[in-house]
Visitor: 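Mind looking over this structure? Questions follow.
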Amino acid sequence: MVLNWSGIEWCDRTLNPVVGCPHGCDFCYARKYGKRQRHRCILCYLFEPHPHLERLNGLKPTQKPMKIFMDSMWDWNSDGVEREWLLRIIEKMEECSQHTFQILSKRPDRYSRFLYPENVWLGTSISTNNDIYRINDLLKANSGNLKFLSIEPIHERINFRISRPIDWIIVGAETGNRKGRIIPEREWISEIIKNSRLENIPVFIKDNLHWEKNIREFPKFRMEDTNEKLRNKR
């Protein structure tokens with residue numbers, strides 16, 4: 001199945017028209033998953049960036065609206081990802097304007113190479129204070145797109161006041177059972193929630209943090225804009 005049911009709580013499906021990343025980041029679950037694909041695709045097994053653009057055929061303008069995470073098995077802005085592949089993907093995302101397409105990158109400074117349809121959300125991920133510069137890089141990207149921040153896995157107290165125009169914050173813990181796995185402290189999470197309330201930013205707390213209150217907020221104003229456009233098309 002091209003559009004995969006997702007275990008990621010903040011999206012409906014995942015789609016990976018490209019697979020692979022050469023950067024070897026710590027805690028990369030995608031590389032581990034790629035090791036299971038040797039019988040299907042040797043390049044997925046080697047985790048070298050390569051296209052599976054045929055998967056875009058699974059997207060149709062007639063489908064019901066979904067939130068689709070587009071790069072769970074690669075980084076949109078990584079080395080080795082060719083411009084032509086991204087242009088094909090952007091064209092399909094524009095064609096399927098009823099969907100919300102979510103992109104995450106650890107290299108948000110490269111988002112500005114392209115213009116994206118309004119139904120594309122641009123995000124970046126951080127784990128520690130050493131990653132804070134990515135937030136500023138994200139804010140310099142295309143102003144017409146929703147911008148979100150994934151603090152996952154959170155590995156320390158984030159000493160930075162997150163403000164608009166960040167439109168959404170996701171927070172999650174490190175998964176797996178590696179020796180030395182960092183267990184987030186409650187204060188780290190409560191401070192981010194307080195930050196989001198002060199700045200009126202929706203926040204999504206993932207289940208793996210075992211927070212006592214279910215907090216699963218989305219940037220509703222952008223979702224309402226999309227729904228209004230769909231009604232006007234009818």
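Residue indices begin at 1 and follow the sequence shown. Here the structure is a predicted model, which is why all the values come from computation and not from measurement.
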Visitor: Give a yes or no on whether the backbone of N159 and the side-chain of N129 come within a donor-acceptor separation of less than 3.5 Å.
Guide: yes
Visitor: Is the shortest side-chain N to carboxylate O distance from R157 to E185 below 4.0 Å?
Guide: no
Visitor: Regarding E212 and R186, does a basic nitrogen lie under 4.0 Å from an acidic carboxylate oxygen?
Guide: yes
Visitor: Could you tell me the separation between the OG atom of S150 and the CD1 atom of I126, rounded to the nearest 0.5 Å?
Guide: 9.0 Å
Visitor: Please determine whether the number of non-hydrogen atoms from other residues, nucleotides or ligands lying under 6.0 Å from atom CG of L115 exceeds 12.
Guide: no
Visitor: For L59 and C96, what are the C-alpha separation, side-chain angles and deciding distance, and is it a side-chain contact (heavy atoms from CB on, under 4.5 Å)?
Guide: CA-CA 7 Å; L59 295 172; C96 298; 3.8 Å; yes
Visitor: Without placing hydrogens or testing angles, list every side-chain donor-acceptor pair under 3.5 Å for residues 79-91, not counting sequence neighbours.
Guide:
none

Visitor: Does the pair E199/R164 count as a salt bridge with the N-to-O cut at 4.0 Å?
Guide: no
Visitor: Of all heavy-atom pairs between S196 and V203, which one has the smallest distance, and what is that distance?
Guide: OG-CG1, 3.6 Å
Visitor: Sequence neighbours left out, what passes side-chain contact (heavy atoms from CB on, under 4.5 Å) with K60? Give chain and number order.
Guide: T62, Q63
Visitor: Check step by step if side-chain contact (heavy atoms from CB on, under 4.5 Å) holds for F148 and I169.
Guide: CA-CA 6 Å; F148 69 100; I169 302 171; over 6 Å; no
Visitor: Once you measure the plane-to-plane angle for W76 and F114, does it fall in the parallel (<30°), tilted (30-60°) or perpendicular (>60°) bin?
Guide: perpendicular
Visitor: Can you check side-chain contact (heavy atoms from CB on, under 4.5 Å) on R13 and N4, steps first, answer last?
Guide: CA-CA 5 Å; R13 303 288 182 92; N4 297 302; 6.0 Å; no
Visitor: Please check this pair: side chain of E174 against backbone of H155, looking for a donor-acceptor N/O pair closer than 3.5 Å.
Guide: no
Visitor: Could you check whether any side-chain heavy atom of W211 comes within less than 4.5 Å of a side-chain heavy atom of V171, counting everything from C-beta outward?
Guide: no
Visitor: With W168 as reference, evaluate K147, K220, Q102 under the side-chain contact (heavy atoms from CB on, under 4.5 Å) test and give the passing residue.
Guide: Q102
Visitor: In Å, rounded to the nearest 0.5 Å, how long is the span from CG of L104 to OG of S72?
Guide: 10.0 Å
Visitor: Do E187 and I189 pass the side-chain contact (heavy atoms from CB on, under 4.5 Å) test, and can you show the C-alpha distance, the side-chain angles, and the key distance before you say yes or no?
Guide: CA-CA 5 Å; E187 290 77 11; I189 313 306; over 6 Å; no
Visitor: List the residues meeting side-chain contact (heavy atoms from CB on, under 4.5 Å) with D12, not counting sequence neighbours, and say none if there are none.
Guide: M66, K67
Visitor: How far apart are the closest heavy atoms of D75 and C21, and which atoms are they?
Guide: CB-SG, 4.5 Å
Visitor: Quick one: list whatever passes salt bridge (charged side-chain N to carboxylate O under 4.0 Å, His left out) with D137, sequence neighbours left out.
Guide: none
Visitor: Would you call K92 and E95 a salt bridge, using N to O less than 4.0 angstrom?
Guide: yes
Visitor: Can you tell me how far CD1 of I192 sits from CD1 of I170, rounded to the nearest 0.5 angstrom?
Guide: 12.0 Å
Visitor: Can you tell me how far apart CD (E156) and CD1 (I151) are? Round to the nearest 0.5 Å.
Guide: 11.0 Å
Visitor: To the nearest 0.5 Å, tell me how far I205 CD1 sits from R216 CZ.
Guide: 11.0 Å
Visitor: Just to verify, what does D71 make a salt bridge (charged side-chain N to carboxylate O under 4.0 Å, His left out) with, not counting sequence neighbours?
Guide: none
Visitor: Quick one: which residue pairs count as a ring-ring contact (aromatic ring centres under 6.0 Å, His included) with a foot in residues 48-68, not counting sequence neighbours?
Guide: H50-H52
Visitor: State yes or no: are the ring centers of W10 and F69 separated by less than 6.0 Å?
Guide: yes
Visitor: Less than 6.0 Å separating the ring centroids of F101 and W121?
Guide: no
